[in-house]
Student: 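This is the structure, below, for whatever I ask next.
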Number of protein chains: 2
Amino acid sequence: MLAAVNATEGTDRPLRADAVRSRALLLSAARAVFAERGTEASVADVAQAAGLGKGTVFRHFASKDDLVAAIVDEMLDDLIVTTEKLLTANDPAAALREFMTAGIDLQVHNQAFCDVAAGASVRRHPLVRGKIERLESAVEALVDRARRAGVVRDDVTGQDLMLLMTGVYQTAAPMLPESPDLWRRYLALTLDGLQPQAARPLPTPAPRP
Amino acid sequence: MLAAVNATEGTDRPLRADAVRSRALLLSAARAVFAERGTEASVADVAQAAGLGKGTVFRHFASKDDLVAAIVDEMLDDLIVTTEKLLTANDPAAALREFMTAGIDLQVHNQAFCDVAAGASVRRHPLVRGKIERLESAVEALVDRARRAGVVRDDVTGQDLMLLMTGVYQTAAPMLPESPDLWRRYLALTLDGLQPQAARPLPTPAPRP
DNA sequence: ACCTGAACACCGTTCAAGT
DNA sequence: ACCTGAACACCGTTCAAGT
């Protein structure tokens, strides 16, 4: 019930060699299993893929959510790096489009990431929330640049772009088994709505950052 | 394992009076419970809310999915009626916007409906699939009218509008607890992208109907 | 310190026993 | 015919017993 016996409980004294190995095996197994079958794959499945007992999972991660959060955290790091690189790209409009493409691609190829992008409980996990905010501020900078270049309407925010990124994926999701590229259609449609020329006043303000 | 003992198994001889009552109690309880807490509420909870044993649920519905499908089916019927009424509205652009609003409103106020609109397994249920197709053809007619009036770009289909309806909801979903009206922002943004003036060529064709 | 599997409270589903 | 709750195979999580 309480804070649980995480390997790094409070103070982080060094792990024993076998524990280091177990942790790495678990993370690697979780990456593969959750990517393919989503977060509803069982903890027992992850433990088996790692060649360990399922009790060991809970020695290293206080809950299944904590394990999922660790995986998703890595993926968010990758996306943050990609986004920050795009901040120095030549074409600000293309940079914005490439951020959206990278984020949606991640969801298409990783079932775990799109579970989280949609409402899964891991979204509220402190580790994940923090990373989402870091990503959001990088995207905010990306939008600012595009706005100054006059290639995006001036009433949209970085958070809008973040939400639209997952929204575009979700729009196409029901058809993706039959039409794996359909998300590109709804991305294009969304980008058309983001043009300054298309702008009509929005009825609801962006939520406070 | 097999087709299961649904109350209307194959031939539908009339139900006994107590069975009619039980079925009605179950449907009514399921409506309330699933609307509030989504489809992850347990069958035991529905049974308890109906004042019946949980075994009774499976006498009337072969699986939990069948029960959810019965509820969602009713909601789709309502949305179909609303949509068909809109076919005779004066303003074709407003009619399209009102369809989207009605569909999103349903998701905002009914957790079960938005579980299904997102990828839940019930989406593939034959009962639900059939109703979605009926709704889709009504929406197709709505789009045709708007297209002929020149108020919507000519490369979008009824299915596009259906997918966008659930997509707009999903876009706002993570923020809805804090900003319950935020979906109106993304609906407006999406409608801006649907204007003929905003249209740039789309990279991926609509899936075959 | 770390790993493990049996044990617990849940879930959807089945079915023998009651009316 | 219909209802019921115990029983089953799962799930996430805990923890005593092993190394």
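Proteins get letters first, then strands, A, B, ... in listed order; numbering begins at 1 in each. Values below: every heavy atom of this structure, side chains too, minus hydrogens, waters and symmetry copies.
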Student: Does a salt bridge link A/Asp65 with A/Arg124, judged by any charged N lying under 4.0 Å from a carboxylate O?
Tutor: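 Looking at A/Arg124 together with A/Asp65, the answer is no, because their closest N to O distance does not fall below 4.0 Å.
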
Student: With a 4.0 Å cut-off on heavy atoms, is B/Ala17 in touch with a base, just the backbone sugar-phosphate, or nothing at all?
Tutor: nothing

Student: Round to a whole Å and report the spacing from CD of B/Gln48 to P of D/dC3.
Tutor: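 So the CD-P distance, B/Gln48 to D/dC3, works out to 18 Å.
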
Student: Does C/dC2 have OP1 or OP2 sitting under 4.0 Å from an N or O in the side chain of A/His60?
Tutor: no

Student: Taking NZ, NE, NH1 and NH2 as the nitrogens, is one of them in B/Arg97 or B/Asp91 under 4.0 Å from a carboxylate oxygen of the other?
Tutor: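 Between B/Asp91 and B/Arg97 there is no salt bridge, as every charged N stays at least 4.0 Å from the carboxylate O atoms.
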
Student: Can you measure from CG (A/Leu189) to CG (B/Leu164) and round to the nearest 0.5 angstrom?
Tutor: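 If we round to the nearest 0.5 Å, A/Leu189:CG and B/Leu164:CG are 6.0 Å apart.
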
Student: Roughly, in whole Å, what's the span from CZ in A/Phe61 to P in D/dT14?
Tutor: 15 Å

Student: Specify the separation, in whole Å, of atom CZ of A/Arg23 and atom P of C/dC3.
Tutor: 11 Å

Student: Give a yes or no on this: more than 12 heavy atoms of other residues, nucleotides or ligands lie within 6.0 Å of atom CD of A/Glu74.
Tutor: yes

Student: Do any side-chain nitrogens or oxygens of B/Arg59 fall under 4.0 Å of OP1 or OP2 in D/dC2?
Tutor: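 Yes, because at least one side-chain N or O of B/Arg59 sits under 4.0 Å from OP1 or OP2 of D/dC2.
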
Student: Please determine, for D/dA9, whether a Watson-Crick or G-U wobble partner exists with both distances under 3.5 Å, and give it or none.
Tutor: none

Student: Which nucleotide wins on minimum distance to the side chain of B/Val43, given the candidates C/dG12, C/dT4, D/dT14?
Tutor: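 Within the option list, the nearest is C/dG12.
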
Student: Can you tell me the Watson-Crick or wobble partner of D/dG18, both distances under 3.5 angstrom?
Tutor: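 When the pairing criteria are applied, C/dC2 turns out to be the nucleotide that pairs with D/dG18.
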
Student: Using only heavy-atom distances, decide whether a donor-acceptor pair under 3.5 angstrom links the side-chain of A/Lys54 to the base of C/dT4.
Tutor: no

Student: Please report the distance, rounded to the nearest Å, between CD in B/Glu40 and C1' in C/dC11.
Tutor: 12 Å

Student: By nearest atom, which of the nucleotides C/dT13, D/dC2, C/dC11 is closest to the B/Arg16 side chain?
Tutor: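 For the B/Arg16 side chain, the nearest candidate turns out to be D/dC2.
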
Student: Whole Å only: how far is the CZ atom of B/Phe34 from the C1' atom of C/dG12?
Tutor: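 In whole Å, C/dG12 C1' lies 11 Å from B/Phe34 CZ.
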
Student: Closest approach to the side chain of A/Ser42, judged atom by atom: which nucleotide of D/dC11, D/dT13, D/dC2 is it?
Tutor: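 Minimum distance to the A/Ser42 side chain belongs to D/dC11.
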
Student: Measure CG/A/Asp45 against P/D/dA9 and give the value in whole Å, please.
Tutor: 18 Å

Student: Quickly work out the B/Phe58 CZ to C/dT13 P distance and round it to whole Å.
Tutor: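 Checked: the CZ to P distance equals 4 Å.
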
Student: Is B/Ala47 touching bases, backbone alone, or none of the nucleic acid, heavy atoms closer than 4.0 Å?
Tutor: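 Contact class for B/Ala47: none.
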
Student: Kindly point out which of C/dC2, D/dG12, D/dC3 is positioned nearest to the side chain of A/Leu15?
Tutor: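 When the side chain of A/Leu15 is considered, C/dC2 is the closest of C/dC2, D/dG12, D/dC3.
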
Student: Any base atoms under 4.0 Å from A/Thr56, or only sugar-phosphate, or nothing? Heavy atoms, all strands.
Tutor: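 Here A/Thr56 touches the bases of the nucleic acid.
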
Student: So does B/Arg37 pair up with B/Asp45, basic N to acidic O under 4.0 Å?
Tutor: yes

Student: Take atom CG of A/Asp66 and atom C1' of D/dT13, then tell me their distance rounded to the nearest Å.
Tutor: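 Rounded to whole Å, this separation is 13 Å.
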
